[in-house]
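Chain identifiers are assigned alphabetically (A, B, ...) following the order of the sequence lines, protein sequences preceding nucleic acid strands; residue numbering begins at 1 within each chain. Computed from a predicted model, the values in this text were never measured in an experiment.
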There are 2 protein chains.
Amino acid sequence: MAEQHELREKGLRLTPQRELVLAAVRELDHATPEEVAERVRLTHPGINLSTVYRNLETLENVGLVQHSHLGHGGATYHAAEVLTHLHLVCGACGAVGGAPIEVAANFVNTLADDYGFKTDVTHFAVYGTCATCAQAEL
Amino acid sequence: MAEQHELREKGLRLTPQRELVLAAVRELDHATPEEVAERVRLTHPGINLSTVYRNLETLENVGLVQHSHLGHGGATYHAAEVLTHLHLVCGACGAVGGAPIEVAANFVNTLADDYGFKTDVTHFAVYGTCATCAQAEL
DNA sequence: GTAGCAAGTGCAAATCTTTCGCAATTAGCA
DNA sequence: TGCTAATTGCGAAAGATTTGCACTTGCTAC
């Protein structure tokens, strides 16, 4: 229950709904707010979608969850602990692959050295064509 | 008017509206559908927003324009000719910087070699903190 | 040059996602 | 146990994008 500490520090409360949202984000991975709500409703049907949105935002401010953009519109959320990989999104089939952050280390360093830009590689997906689809195109 | 060729090939027509949308995308850069519509309306006030959306989609299918994701929700469109740089989006101030594609060459090659993933670095922005904001944080 | 057909347009309404206001509820401190 | 401010639920609002449909109009064939 480390979250209790993070929350209280900022005058925030640990409500059942908030716990459920956090738990759902931790269980699911890359979950949209809608999916989080759905998950939470399995055990707590009455929860409101607004509440999910608000809690995702709150939990993000506190640093317990983060969001990234894997596709078009919506953000997807994941627990802060697990941002250990970057996302490879295939534009052809929609698959989301993963790769360790280290493969981008050089790229990140270059941007830092030459542009003073501190990159968070996990926030936006890396877009392209996955091996399978690239194969199929030939 | 190279576009005439691209369009006809697929049984599509070159309508005034379609030309205007394409012209607007070429003049603007990183334009949202809304901005494209606004631009087109300067010379052709009656154009409908749906038409802009539909034409952006059509032109993208044909390969004359492309879209990328620079921020939260919306896509922004640019002419297919000009994807010569990647986008550095600052999460703190929202500024969109640019960097030549070459800085990512190594990264792209690694992904290709190790994962068979063909990366389109221009499609999604690179997220992080710009030099100015990184400075301010200290 | 003209007719015919399918593609495209305008318009309004429908969706979908996310946000907001507000009254009722409740967690956490004294 | 009581208070106060944070939080929730709910409905409505806002914004973005899509869709159905009747009307219009490129483009091709004659």
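- The ring-ring contact (aromatic ring centres under 6.0 Å, His included) search around B:Phe124 returns A:Tyr127, B:His69, not counting sequence neighbours.
- Of the two residues near DNA chain C, B:Gly11 and B:His44, the one whose nearest nucleotide lies more 5' is B:Gly11.
- The salt bridge (Lys or Arg N to Asp or Glu O under 4.0 Å) search around A:Arg41 returns none, not counting sequence neighbours.
- To the nearest 0.5 Å, atom CG of residue B:Leu20 and atom OG1 of residue B:Thr15 are 8.0 Å apart.
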(message) Test side chain to side chain contact (heavy atoms under 4.5 Å, CB included) on B:Cys90 and B:Leu88; report intermediate values, then the result.
(response) CA-CA 7 Å; B:Cys90 175; B:Leu88 305 179; over 6 Å; no
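- The separation between B:Glu38 atom CD and D:dA16 atom C1' is 15 Å, rounded to whole Å.
- Remark: P of C:dT18 and CD of A:Glu60 are 13 Å apart, rounded to the nearest angstrom.
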Identify every side-chain donor-acceptor pair in residues 44-52 of chain A under 3.5 Å, counting partners at least two apart or on other chains, and give the distances.
unit_1	atom_1	unit_2	atom_2	d
A:Asn48	OD1	A:Ser50	N	2.8
A:Asn48	OD1	A:Ser50	OG	3.0

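- OP1 or OP2 of C:dG10 has at least one side-chain nitrogen or oxygen of B:Gln17 nearer than 4.0 Å.
- Side-chain nitrogen and oxygen atoms of B:Tyr53 include at least one within less than 4.0 Å of the OP1 or OP2 phosphate oxygen of D:dT17.
- The separation between A:Asn55 atom CG and D:dA6 atom C1' is 11 Å, rounded to whole Å.
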(message) Run the side chain to side chain contact (heavy atoms under 4.5 Å, CB included) test on B:Lys10 and B:Asn61 for me, step by step, so that the C-alpha distance in whole Å, both residues' side-chain angles and the decisive distance to 0.1 Å come before the verdict.
(response) CA-CA 10 Å; B:Lys10 311 208 178 182; B:Asn61 285 338; 5.7 Å; no
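- Residue pairs meeting the ring pair (Phe, Tyr, Trp, His ring centres under 6.0 Å) criterion with at least one partner in residues 12-35 of chain A, sequence neighbours excluded, are A:His30-A:His85, A:His30-A:His87.
- Distance A:Leu56 CG to C:dT19 C1': 14 Å, rounded to the nearest Å.
- Contact annotation: B:Thr51 side-chain N/O to C:dG10 OP1/OP2 distance is under 4.0 Å.
- Distance CG (A:Leu49) to P (D:dT7): 18 Å, rounded to an integer number of Å.
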Scan nucleotides 11-16 of chain C against the protein and return all N/O pairs shorter than 3.5 Å with their distances rounded to 0.1 Å.
unit_1	atom_1	unit_2	atom_2	d
C:dA12	N6	B:Ser50	OG	3.2

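- The shortest heavy-atom contact between B:Val62 and B:Leu12 is CG2-CD1, 3.6 Å.
- Summary for the helix from C:dG1-D:dC30 to C:dA30-D:dT1: the axes at its two ends, each from 5 pairs, differ by 30° when rounded to the nearest 10 degrees.
- Here C:dT9 presents its C1' atom at 13 Å from CG of B:Leu20, a figure rounded to the nearest Å.
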(request) Would you sort out whether B:Val25 and B:Leu64 count as a side chain to side chain contact (heavy atoms under 4.5 Å, CB included), showing the intermediate values? (result) CA-CA 10 Å; B:Val25 170; B:Leu64 288 168; over 6 Å; no
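- Note: CD (B:Glu34) to C1' (D:dA14) measures 13 Å, nearest angstrom.
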(request) Heavy atoms under 4.0 Å is the rule here; annotate nucleotides 23-30 of chain D 5' to 3' with B where the base is hit, S where only the sugar-phosphate is, and - elsewhere. (result) --BBSS--
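- The side chain to side chain donor-acceptor pair (under 3.5 Å) analysis of residues 88-114 of chain A, with sequence neighbours excluded, yields no pairs.
- Remark: A:Glu60 engages A:His67 in a side-chain hydrogen bond (donor to acceptor under 3.5 Å, both in side chains) (not counting sequence neighbours).
- As rounded to whole Å, 18 Å separates atom C1' of D:dA6 from atom CD of A:Glu6.
- Applying the ring pair (Phe, Tyr, Trp, His ring centres under 6.0 Å) test to every pair with at least one member in residues 93-119 of chain A, sequence neighbours left out, gives these pairs: A:Phe107-B:Phe107.
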